[in-house]
Amino acid sequence: MTRWITSATIDIDSDVLGRKATLRAPEALRGTWLGGKDMSEQTEARDTTVSAVSELDGKLARLKGWLYNKRSSGKILFMIIRDGTGVIQCVATKNEMGEELFRRLDGLHQESSLIVEGLVHKDHRAPGGYEIQVKECRVVSEAWPDYPITLKEHGPEFLLDQRHLWIRTPTQRAILAVRAEVMRSIREFLDNDGFVEVSAPILTPSACEGTSTLFSTPYFGEKAYLSQSGQLYNEATIMALGKVYCFGPTFRAEKSKTRRHLTEFWMVEPEAAFMTFEELLDLEERMVTFVVRRVIDRCSKELEQVGRDPKDLERIVPPFPRMTYDDAVKLLQENGIDIQWGDDFGSPHETFLASQSDKPVFVTGYPTKVKAFYMEPDPERPEIVLASDLLAPEGYGEIIGGSQRIHDYDLLVQRIKEHNLPMEAYDWYLDLRKFGTVPHSGFGLGIERFVAWMCHLDHLREASPFPRMITRMRP
RNA sequence: UCCUCGAUAGCUCAAUGGCAGAGCAUCCGGCUGUUAACCGGAGGGUUGUAGGUUCGAGUCCUACUCGGGGAGCCA
């Protein structure tokens with residue numbers, strides 16, 4: 001049994017406590033334990049959480065959490081308490097609590113931490129259907145009076161300044177829970193499919209693709225760059241383990257100021273030896289379907305909290321529409337959108353193409369010239385590559401980019417020259433084509449974009465616990 | 001880097017070129033079933049910064065600072 005009250009249990013002079021005057025100098029309260037009756041472990045109440053409270057219907061329960069909101073009249077007090085799993089209404093009456101403790105609770109500010117004991121029961125008037133009739137209550141720490149996040153609306157800049165507190169609100173909590181489920185189910189899917197997680201380095205000596213602007217940092221007399229992709233390293237580890245994935249943060253120093261960009265984001269990158277382009281698309285489709293299914297099955301409450309109708313996600317089943325780049329260009333031109341064969345797609349193009357379906361859409365066969373140097377050309381049409389983007393519905397953009405990789409040594413050397421990349425930086429990468437090279441493929445999926453799509457967010461920043469953007473590195 | 005929009009109380013926002021306001025939060029008081037509870041009262045402002053036009057500027061003009069989201073780039 002946890003002894004959660006030990007030496008910290010102190011009987012504080014009642015002249016000091018329960019007086020609102022005290023709150024004008026909240027510094028004096030720091031580090032103290034306040035509270036009602038000493039609730040030691042021999043009480044019959046059982047520990048519970050909001051999410052499991054229905055199991056104790058009609059019984060005494062003990063709940064540890066934070067005061068989210070309260071409504072009171074002179075003799076009855078409704079405390080809305082959150083505990084990380086959900087929110088529940090706790091009812092305290094002056095009759096039951098006594099004058100002094102009731103006054104103290106009535107004067108608590110938002111986010112004060114509490115331990116309550118009371119009778120769990122169904123009540124149609126309570127949000128969530130259950131409430132706790134409080135018998136005992138202990139104030140673990142009385143919050144200062146100036147908690148910045150109210151239940152009213154706030155602007156994005158203010159909320160991001162308060163991100164360390166903003167994450168406590170039900171919607172932000174739900175998003176982070178969905179994010180955790182997305183990451184967990186991706187690992188589950190890949191592990192069950194025979195992939196081995198192999199971490200790629202964050203500190204790298206040069207750009208992987210030679211395109212994006214990277215963050216750099218001094219590294220014992222030379223320059224290191226924060227990784228923008230683990231792919232090149234994956235291409236090494238597949239030759240040791242067959243099927244691998246790396247999963248971690250990646251960094252882009254691009255000055256992108258849009259709702260679809262962060263400077264630091266998480267990406268999962270599966271890669272497999274002997275995997276062909278067709279098998280790659282099949283893998284992407286199966287993985288996305290699996291993860292969406294998991295989110296529907298395990299995050300129903302969170303989806304409801306964020307306002308995402310699960311029916312929107314129920315539609316995400318194979319097969320996903322597939323469109324060639326050639327057809328996509330024709331379709332865009334037919335709809336009066338300015339594009340020529342050979343141009344890369346911009347955001348407006350992707351948004352239009354994605355709007356053609358309720359499901360994610362594969363676009364395949366991009367022009368060789370606009371894509372990365374390592375992509376395998378189509379054997380029948382060398383002007384296009386075996387690459388595909390997976391565009392999410394509802395304007396969430398490219399959530400996956402993948403391709404078959406060049407396995408031929410001579411062709412890869414030629415491409416490195418064509419892209420004016422420093423040959424010496426790719427010596428080890430070329431080794432992979434010298435010693436037992438095989439056709440292979442892989443893709444990268446952006447976690448925040450996926451989570452934003454699942455939760456129907458209007459900005460990627462809410463899909464990250466502490467988002468990093470061009471204008472923001474704090475908190 | 002470019003385009004565009006914005007900055008007024010702790011927060012969200014009002015204010016025809018003419019006395020700077022409301023709701024929430026905070027503080028005081030009231031209320032035994034509240035649902036972002038409600039009712040009464042109080043405190044809270046160098047209107048982003050600097051200059052200009054004007055009898056008079058939160059409002060009009062110029063520059064700057066900071067920020068929003070869009071382009072480019074990409075997950």
Side-chain angles (χ1 to χ4, degrees), chain A residues 19-24 26 68-80 87 89-97 102 106-107 109-110 123-128 131 133 144-162 169-170 208-209 211-214 228-231 249-269 343-351 370-372 389-392 395-402 443-453 458-461 463-464 469-472:
Chain A
R19 300 286 179 276
K20 294 194 171 174
T22 316
L23 304 181
R24 296 199 187 101
Y68 177 61
N69 191 17
K70 69 176 168 29
R71 296 178 275 271
S72 78
S73 66
K75 292 170 183 164
I76 186 167
L77 169 65
F78 300 93
M79 296 186 291
I80 313 301
V87 169
Q89 172 165 288
C90 300
V91 187
T93 61
K94 189 180 274 188
N95 278 349
E96 208 143 9
M97 307 308 296
F102 185 86
D106 199 13
H109 292 94
Q110 199 181 348
D123 192 308
H124 70 278
R125 293 167 297 188
E131 66 180 20
Q133 189 70 38
W144 297 24
D146 53 348
Y147 187 69
I149 299 182
T150 68
L151 275 62
K152 295 284 181 177
E153 287 179 11
H154 298 288
E157 188 188 354
F158 175 77
L159 287 170
L160 285 167
D161 284 340
Q162 313 293 334
T169 59
C208 274
E209 306 184 13
T211 52
S212 294
T213 315
L214 303 187
Q228 63 162 345
S229 167
Q231 182 206 313
T250 51
F251 306 87
R252 305 278 165 90
E254 297 289 344
K255 295 193 173 180
S256 301
K257 275 175 61 174
T258 84
R259 65 182 72 195
R260 295 182 312 281
H261 291 87
L262 299 172
T263 53
E264 174 181 328
F265 62 96
W266 278 57
M267 187 157 67
V268 59
E269 294 176 277
D343 295 344
D344 201 2
F345 292 146
S347 183
H349 306 115
E350 289 184 353
T351 302
V370 302
K371 284 296 184 182
D389 287 346
L390 184 64
L391 308 179
Y396 286 99
E398 180 186 342
I399 50 171
I400 288 181
F443 68 92
L445 179 147
I447 299 301
E448 285 78 7
R449 283 190 183 174
F450 198 96
V451 171
W453 171 41
D458 61 8
H459 200 301
L460 218 53
R461 61 194 163 202
S464 170
M469 291 168 290
I470 172 175
T471 57
R472 178 174 296 279

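Each chain gets a letter, A, B and so on, in the order the sequences are listed, and its residues count up from 1. Everything quoted here is computed from the prediction, not taken from an experiment.
- Residue A:Arg461 places at least one side-chain N or O under 4.0 Å from the OP1 or OP2 atom of B:G69.
- The distance from atom NE2 of A:His261 to atom P of B:C73 is 10 Å, rounded to the nearest whole Å.
- Of the C1' atoms belonging to B:C27 and B:U32, the separation is 25 Å, rounded to the nearest Å.
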| request: Could you provide the dot-bracket string of RNA chain B, using ( ) for intrastrand pairs, [ ] for crossing pairs and | for bases paired to another strand, with Watson-Crick or G-U pairs below 3.5 Å? | output: (((((((..((((....[..)))).(((((.......))))).....(((((..]....))))))))))))....
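- The interatomic distance linking A:Glu350 (CD) with B:G70 (C1') rounds to 15 Å, in whole Å.
- Distance A:Ile447 CD1 to B:C74 P: 20 Å, rounded to the nearest Å.
- Taking only side-chain atoms of A:Thr258, from C-beta outward, the nucleotide of B:A75, B:G72, B:C27 with the closest atom is B:G72.
- You'll find that the side chain of A:His109 is closest to B:C27, out of B:G33, B:C74, B:C27.
- Minimum atom distance to the side chain of A:His459 is reached by B:G69, of the listed B:G68, B:G69, B:G72.
- Of the candidates B:C74, B:G67, B:U26, the closest approach to any side-chain atom of A:Asp344 belongs to B:C74.
- For A:Pro348, the side-chain atoms get nearest to B:A71 when compared with the rest of B:A25, B:A71, B:U12.
- Residue A:Asp146 contributes atom CG, which lies 10 Å from atom P of B:U26 at whole-angstrom precision.
- Among the heavy atoms of the strands lying under 4.0 Å from A:Phe158 are primed sugar atoms or P, OP1, OP2 only; no base atom is included.
- Set against B:A75, B:A71, B:U34, the side chain of A:Gln89 has B:U34 as its closest nucleotide.
- No aromatic stack links A:Tyr147 and the base of B:A25, using centre distance under 5.5 Å and interplanar angle under 30°.
- Using a 4.0 Å heavy-atom cutoff across all strands shown, A:Gly346 reaches sugar-phosphate atoms only and no base atom.
- Near RNA chain B, meaning a heavy atom under 4.0 Å away, the residues from residues 72-79 of chain A are A:Ser72, A:Ser73, A:Gly74, A:Lys75, A:Ile76, A:Phe78.
- Among the protein residues, A:Ile399 comes within range of the sugar-phosphate backbone only, with heavy atoms under 4.0 Å from sugar or phosphate atoms but none that close to a base.
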| So A:Gln133 and A:Thr93, side-chain contact (heavy atoms from CB on, under 4.5 Å) or not? Walk me through it. | CA-CA 9 Å; A:Gln133 189 70 38; A:Thr93 61; 4.0 Å; yes
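- The CG atom of A:Asp123 sits 19 Å away from the P atom of B:U32 (whole-angstrom rounding).
- Side-chain proximity of A:Arg125 to B:G33, B:G69, B:C11: nearest is B:G33.
- Closest to the A:Lys255 side chain, of the nucleotides B:G33, B:G72, B:A75, is B:G72.
- With rounding to whole Å, A:Glu254 atom CD is found 16 Å from B:C2 atom P.
- We find that CG of A:Leu390 is positioned 12 Å from C1' of B:A75, with the value rounded to whole Å.
- One can find a donor-acceptor pair under 3.5 Å joining the base of B:G33 and the side-chain atoms of A:Glu131.
- The A:Arg260 side chain lies nearest to B:C73 when the options are B:C27, B:C73, B:G68.
- Ring geometry, A:Phe345 versus A:His349: the interplanar angle falls from 30° to 60°, so the pair is classed tilted.
- With hydrogens and angles left out, the side chain of A:Arg449 and the base of B:C74 share a donor-acceptor pair within 3.5 Å.
- A:Pro148 comes within 4.0 angstrom of no nucleic acid atom, judged by non-hydrogen atoms across all strands.
- Residues satisfying the salt bridge (charged side-chain N to carboxylate O under 4.0 Å, His left out) test with A:Glu131, not counting sequence neighbours, are none.
- As judged by a 4.0 angstrom heavy-atom cut-off over every strand, A:Ile400 is placed among residues touching the sugar-phosphate backbone only.
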